[in-house]
Student: 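Take a look at this one; I'll ask things after.
We're numbering straight along the sequence, starting at 1.
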Amino acid sequence: TIFSLMTKKTTQKLPQTEITGEFERTPVPISKLKSWKSFLGMYAGEHAAGTEFVIGPLFLTTGVSAFDLIVGLLFGNLMAVLSWRFLTASIGVQYRLTLYYQLEKICGKKLVVIYNLANGILFCFLAGAMITVSATAVGIPFDLAMPKLTDTVPNGPKWILIVLGLGLVISLIAAKGFATVSKVANWMSPVIIFGFLAAGVISLIQLNVGSFFDFWILWGEGSEPFPGQMKYTFWHVFFWSWFANAAMHIGMSDLSVFRYAINPNVGWTTAAGMYVGHYMAWIAAALLYAVYLQSPEAKILLQNGEAPPVAPGPLAYNALGVFGVLVVILAGWTTANPTIYRAGLAFQALLPKASTFWVTFLAGSVATLAGLFPAFAMKLLDFVSLYGFVLAPVGAIIVFEHFFHKKFGIIQYYAEKGGLTFNSTVLLAWVLSAGGFYFWSQSQEIFLSFMILPAWICCGLLYLVLSKHMQKSLK
């Protein structure tokens, strides 16, 4: 997903040099560039992961219609691909720098530390949600009471023990470093993609769907949203799916990936992730939940005004048996592992003298504690929106400076050229835009994903205007 979510599984086929530190502060040389083939499999595998098992069913809880979901995802994912291709890949190929170094040149080292802290904490929460996903599968043989859609705290000692055990194993693997995480991800991804496809096909059979007409009769106009959920329309699906990975594309996190691309057209390979993971996998996972909603247990819960639980483990077990349980465990694992690893790298900036192993293990411990609380997984649609909303505006500063610094007469890479460690202009633009639009969203009850693009544009414009007035001339 997101983001994978929102995570960057650059662990699959990109050079070891990105992790060891080579080219961390210099452009990637031509000899190390990669063709589109190195990116295609990475993006396809990265976005068919644990988050998909939760996001698909959560769409159904919003009562969205078949047309709004299918067409909304089609165009929303297209916009995400276009954002990667014409913004992230273009800038990444031109400068061939990591996101963090490019930010440092613009806003200074100290402000990058603040960004890393926000990034690392959000990564931990996302990884925690994926530990929750795997726990719903591991708990099946132990007759574990599954978390409800409205649960926020652990529901018993079994849940706590299973999450702590999973978190320990996942954290240790992540702490062992890039090679271990890469090996695990490469092995698991094809199994997970096949699992999603199989789950969708078998669910259609269980729903007695033999044609598109049958499917439309079954889903058609959707339903009223479940208790505690917001009703989704085409526009909710469109903007949510466009910005599910906002931190990665318009937020420029994937500069660290595309700096290895041989040309900007490599950005088109993100379509593999969007239409394998954020289209096929989301719809397949939604169908798993649709099967469960036909059960007597789910109907009784709905009659009593309760939302049936969105627990990926039992849903997949119902369709695929033991293989379904394995797929859910692997899917949660492949998302949590690199996410914890990335959180560790982000925290390393705060604790530069600590060993990478222990910093990453610390990140895994935070993620495990988050995994104890089902709210992070059960409210994943909201969390992903918040994740993109917080981090995406920082990318606008890079984009607007790249395209408009000459027109506005501002100095590119002002912190580097002026010897600044903290560019207050960047912080002001980020806080004013994100804070202002978040307050507006909450006070007027406006869907947060609707606010990501306005906040992003506002941040970029604020940065240009403030820089024009606050930058001092450099000789």
Student: Checking side chain to side chain contact (heavy atoms under 4.5 Å, CB included) against Leu293, which of Leu301, Thr61, Leu60 comes through?
Tutor: Leu60

Student: Do side-chain atoms of Trp36 reach the backbone of Thr269 as a donor and acceptor pair under 3.5 angstrom?
Tutor: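 No, Trp36 side chain to Thr269 backbone: no donor-acceptor pair under 3.5 Å.
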
Student: Answer whether the closest heavy-atom distance between the side chains of Gln294 and Leu207 falls below 4.5 Å.
Tutor: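 Yes, side chains in contact.
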
Student: Between the side chain of Tyr95 and the main-chain N/O of Arg259, is any donor-acceptor distance below 3.5 Å?
Tutor: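 Not a single qualifying donor-acceptor pair exists.
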
Student: Whether the side chain of Thr132 engages the backbone of Gly128 through a donor-acceptor N/O pair (distance < 3.5 Å, no angle test) should be reported.
Tutor: yes

Student: Using a 3.5 Å distance criterion without hydrogens, assess whether the side chain of Ser134 forms a donor-acceptor pair with backbone atoms of Ile329.
Tutor: yes

Student: Are more than 12 heavy atoms, taken from residues, nucleotides or ligands other than Phe75, located less than 6.0 Å from that residue's CZ atom?
Tutor: no

Student: Would you please test Trp282 and Trp240 for ring-ring contact (aromatic ring centres under 6.0 Å, His included) and show each step?
Tutor: CA-CA 13 Å; Trp282 282 354; Trp240 194 93; 5.4 Å; yes

Student: Between Phe59 and Ile283, is there a side-chain heavy-atom distance shorter than 4.5 Å?
Tutor: no

Student: Measure across Pro227 and Gly305 and return the closest heavy-atom pair with its distance rounded to 0.1 Å.
Tutor: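 The pair with the smallest heavy-atom distance is CG-O, 3.0 Å.
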
Student: Evaluate side-chain hydrogen bond (donor to acceptor under 3.5 Å, both in side chains) for Ser83 paired with Trp242, printing each intermediate quantity in order.
Tutor: CA-CA 9 Å; Ser83 300; Trp242 179 5; 3.1 Å; yes

Student: Tell me, do Thr98 and Leu255 make a side-chain contact under 4.5 Å, heavy atoms counted?
Tutor: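 Of all side-chain heavy-atom pairs linking Leu255 with Thr98, none is under 4.5 Å.
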
Student: Please check if the side chain of Thr136 supplies one atom and the backbone of Gly313 the other of a donor-acceptor pair under 3.5 Å.
Tutor: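 Between the backbone of Gly313 and the side chain of Thr136 there is a qualifying donor-acceptor contact (under 3.5 Å).
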
Student: With respect to Tyr463, which candidate in Ile398, Ile397, Val394 satisfies the side chain to side chain contact (heavy atoms under 4.5 Å, CB included) definition?
Tutor: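 Looking at Ile398, Ile397, Val394, the match for Tyr463 under the side chain to side chain contact (heavy atoms under 4.5 Å, CB included) is Ile397.
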
Student: Given Met146, which partner from the list Val310, Ile140, Asp151 fulfils the side chain to side chain contact (heavy atoms under 4.5 Å, CB included) test?
Tutor: Ile140

Student: With a 4.5 Å cut-off on side-chain heavy atoms, are Phe383 and Leu126 touching?
Tutor: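 Side chain of Leu126 against side chain of Phe383, heavy atoms only: contact under 4.5 Å found.
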
Student: Is Leu69 close to Trp219 at the side-chain level, that is, under 4.5 Å between some pair of heavy atoms?
Tutor: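 In contact.
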
Student: For residues Phe39 and Tyr260, establish whether the separation of their ring centroids is below 6.0 Å.
Tutor: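 When the ring centroids of Phe39 and Tyr260 are compared, they turn out to be at least 6.0 Å apart.
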
Student: Any heavy-atom pair between the side chains of Leu448 and Tyr438 that's under 4.5 Å?
Tutor: yes

Student: With sequence neighbours left out, write down each residue that passes ring-ring contact (aromatic ring centres under 6.0 Å, His included) with Phe234, or none if nothing qualifies.
Tutor: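 Phe238.
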
Student: What heavy-atom pair brings Ile250 and Leu87 nearest, and what distance separates the two atoms?
Tutor: CG2-CD1, 4.1 Å

Student: Is there a donor-acceptor pair closer than 3.5 Å between any side-chain N or O of Lys231 and the backbone N or O of Ser223?
Tutor: yes

Student: Can you establish whether the number of heavy atoms outside Trp216 located under 6.0 Å from its atom CH2 is more than 12?
Tutor: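 Check passes, neighbour count above 12.
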
Student: Anything under 30° is parallel, anything over 60° is perpendicular, the rest tilted; go ahead and classify Trp440 against Phe437.
Tutor: tilted

Student: Would you check if Ile131 and Phe376 make a side-chain contact, meaning some heavy-atom pair closer than 4.5 Å?
Tutor: no

Student: Glu52 versus Phe196: any side-chain heavy-atom pair under 4.5 Å?
Tutor: yes

Student: Would you call the rings of His47 and His278 parallel, tilted or perpendicular if under 30° counts as parallel and over 60° as perpendicular?
Tutor: perpendicular

Student: May I ask you to decide if Tyr115's main-chain N or O and Asn119's side chain share a donor-acceptor pair within less than 3.5 Å?
Tutor: no

Student: Pick out which of Asn245, Asp254, Thr270 makes a side chain to side chain donor-acceptor pair (under 3.5 Å) with Trp84.
Tutor: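 Answer to the side chain to side chain donor-acceptor pair (under 3.5 Å) test with Trp84 among Asn245, Asp254, Thr270: Asp254.
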
Student: If you compare all heavy atoms of Ala343 against all heavy atoms of Gly120, which two are closest, and at what distance to 0.1 Å?
Tutor: CB-O, 3.8 Å

Student: Would you confirm whether Thr88, through its side chain, and His249, through its main-chain N or O, come within 3.5 Å as a donor-acceptor pair?
Tutor: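 Yes, the answer is positive, given that a donor and an acceptor are paired below the 3.5 Å cut-off.
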
Student: Go through it in stages, so that I can follow the logic: the residues are Ser385 and Asp382, the test is side-chain hydrogen bond (donor to acceptor under 3.5 Å, both in side chains), and I'd like the CA-CA distance, side-chain angles, deciding distance and then a yes or no.
Tutor: CA-CA 5 Å; Ser385 294; Asp382 297 334; 5.7 Å; no

Student: Evaluate the ring planes of Tyr289 and Phe226, with Trp represented by its six-membered ring, and classify them as parallel (under 30°), tilted (30 to 60°) or perpendicular (over 60°).
Tutor: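 Answer is tilted, since the angle falls between 30° and 60°.
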
Student: Testing Phe450, Phe239, Phe447 for ring pair (Phe, Tyr, Trp, His ring centres under 6.0 Å) with Tyr232, which one passes?
Tutor: Phe447

Student: Checking the side chain of Asn155 only, and the main-chain atoms of Ala145 only, is there a donor and an acceptor separated by less than 3.5 Å?
Tutor: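 Yes, because the side chain of Asn155 sits within donor-acceptor range (under 3.5 Å) of the backbone of Ala145.
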
